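A note on names: the letters A, B, ... follow the listed sequences, proteins ahead of strands, and every chain is numbered from 1. These numbers were taken from a predicted model, which means no experiment stands behind them.
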Amino acid sequence: MSIVTRFAPSPTGQLHIGGARTAIFSWLLARQAGGRFVLRIEDTDTVRSQAAYTEGILASMKWLGLDWDDEPIYQTQRFDIYNKFIDSMIENGTAYWCSCTPEEVEAMREAARAGGTKPKYDGRCRERGLGPGPGRVVRLKAPLAGTTIMDDLVHGPVAFDNAELDDMILRRSDNTPTYNLAVVVDDATMGITHVIRGDDHINNTPKQIMIYNALGFPLPKFGHVPMILGPDKKKLSKRHGATAVYEYEAQGILPEAMLNCLVRLGWSFGDQEIFSREELLQHFSIGSLGKSASVFDNEKLLWLNQHYIKEADLDRLAGLLAAILGERGHAGLDAGYLKAFIPLLQPRSRTMVEMADQAEMFVADEPALDEAAAAKFLTEETKPHLAEIARIFEAADDFQQEPLEAAVKAYLDAKELKFKLVAQPLRVALTGRTASPGLFEMVEAMGKERVLKRLKRVAG
RNA sequence: GUCCCCAUCGUCUAGCCUGGUCCAGGACGACGGCCUUUCACGCCGUUAACAGGGGUUCAAAUCCCCUUGGGGACGCCA
């Protein structure tokens, strides 16, 4: 049997990294087996759902390279399907109408809590044989005794005492289906073979298994993956910083770094840290998923990102960088120039935004001069040398790193001066800063005209 | 409160299923050093963990139990 997995986001917010990781695992499981990976938008919460979020989630999926089969399914378009199945449950006696009001049910729960047991509906309408009516809901006639066992792909068998569960609502008084019912009907009718989701859904599973049984559907395999926590070990939330995938994209994180980072949270393959998409497809195994929650480490993401930046294709980086620089007012940059200095920035950038920060010194007409640096290095003692170096550069017809460096060294040797004397002054003159890539590689990348202009600006 | 899940360096983890090869390995970080014209890259090294207690066993990070801690779920949200 071919594998079919799904990712079922609720469009009440952007795709966050926890959801993204679940999606990655599902995608990997299906793709490595040549199976299908489908999307279902759980938009039944009409108050909080927004079409813009759906678009954002799909965009983040594409960014991460998680492609899906078929068109996404929207739950709001399937209400009649859900109702048809609920009706069949009423007919076969696995569900019943209930006239209890929310207030009455709440009172039952309160009483249970006071009695020290699990809050639940007491099933008083189970055998009343009620029919439809205003304000009435349909409930599952759940087994009263026994245990429901879920054989989880990552946790192994987990048993639940049926007495712990109550007769959950399947259809609300406004005729809409509840989450657990919709999920079961969807997963079953969509032919999902492996349900991969966060382990905050473990307690939903026995309820859903009861619905599968009541409907006569075969059970899929369940795999509950551990959650991602913030540095304080609490459920990841906005106060921990960026949680949405698109925010990382905006920070200049490369998708392959994000993917690599996320997949290693809860999963590992020996001591390997770096995984290409192909290696992931080759080595991923749901059986080697861990069971414990993990803390998202931004430092490791940055390390991974720098690794991928160092390996990335120049044309791609040039495109990415030009976009960021464009937003900062540097439009129409020459691609050739970008590609000349990007290699110097690659080992110095953990994100594309960091690269852009440093690229400013290459693309600005007149890079901002760090005042303290200028005062310290652009002195009466050093300026004459800078002027002389400018003359040497001007005379050079081979504007390459090596001959230029040799020429400057020859000049210094002749005067019995140390290179250190002019190194920082030259750097400040060229970039306005005290930290930068190597001097002569920058000189070559900037080109004669730009270099001379900058030297003359400070040395007259 | 009730139920469920989880538990190895600060963090991600290997090892656990199939006890001995583990005075516990790798990676990120931190710290130190090398390289060096600055900053990085790179290279080398150091730091640091089997939550606690009981068992079982010749032998336990590995198996069992309890405790503790953390997380999650208990909704006419998803």
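In this structure, A:Phe296 and A:Gln75 both approach RNA chain B, and ranking their closest nucleotides by distance from the 5' end singles out A:Phe296.
Inspection of the A:Asn260 and A:Tyr308 side chains reveals an N or O donor paired with an N or O acceptor under 3.5 Å. There is no side-chain donor-acceptor pair under 3.5 Å between A:His283 and A:Ser288.
For the OP1/OP2 pair of B:rC39 and a distance below 4.0 Å, the side-chain nitrogens and oxygens of A:Ser436 include no atom meeting the criterion. The shortest distance between the side-chain N/O atoms of A:His155 and the OP1/OP2 oxygens of B:rC6 is below 4.0 Å. Put simply, A:Ser294 has a side-chain N or O that comes within less than 4.0 Å of OP1 or OP2 on B:rU13. At the phosphate of B:rA40, neither OP1 nor OP2 sits under 4.0 Å from any side-chain N or O atom of A:Lys310.
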Could you write out each protein N or O paired with an N or O of nucleotides 75-77 of chain B at a distance under 3.5 Å?
{"residue": "B:rG75", "atom": "OP2", "partner": "A:Arg109", "partner atom": "NE", "Å": "2.3"}
{"residue": "B:rG75", "atom": "OP2", "partner": "A:Arg109", "partner atom": "NH2", "Å": "3.3"}
{"residue": "B:rC76", "atom": "OP2", "partner": "A:Arg109", "partner atom": "NH2", "Å": "3.2"}
{"residue": "B:rC76", "atom": "O3'", "partner": "A:Arg172", "partner atom": "NE", "Å": "3.1"}
{"residue": "B:rC76", "atom": "O2", "partner": "A:Ser173", "partner atom": "N", "Å": "3.2"}
{"residue": "B:rC76", "atom": "O2", "partner": "A:Ser173", "partner atom": "OG", "Å": "2.9"}
{"residue": "B:rC76", "atom": "N3", "partner": "A:Ser173", "partner atom": "OG", "Å": "3.1"}
{"residue": "B:rC76", "atom": "N4", "partner": "A:Cys100", "partner atom": "O", "Å": "3.4"}
{"residue": "B:rC77", "atom": "OP2", "partner": "A:Arg172", "partner atom": "NE", "Å": "2.7"}
{"residue": "B:rC77", "atom": "O3'", "partner": "A:Arg172", "partner atom": "NH2", "Å": "3.2"}
{"residue": "B:rC77", "atom": "O2'", "partner": "A:Asp45", "partner atom": "OD2", "Å": "3.0"}

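The residue A:His201 sits close to a base: some heavy atom pair falls under 4.0 Å. In this structure, A:Gln306 reaches the sugar-phosphate backbone alone: every heavy-atom distance under 4.0 Å involves primed, P, OP1 or OP2 atoms, never a base.
A donor-acceptor contact under 3.5 Å is formed by the side chain of A:Asp271 with the base of B:rG25. For A:Lys300 against B:rA27, a side-chain-to-base donor-acceptor contact under 3.5 Å is present.
Look at the P atom in both B:rC12 and B:rA7: the space between them is 12 Å, to the nearest Å.
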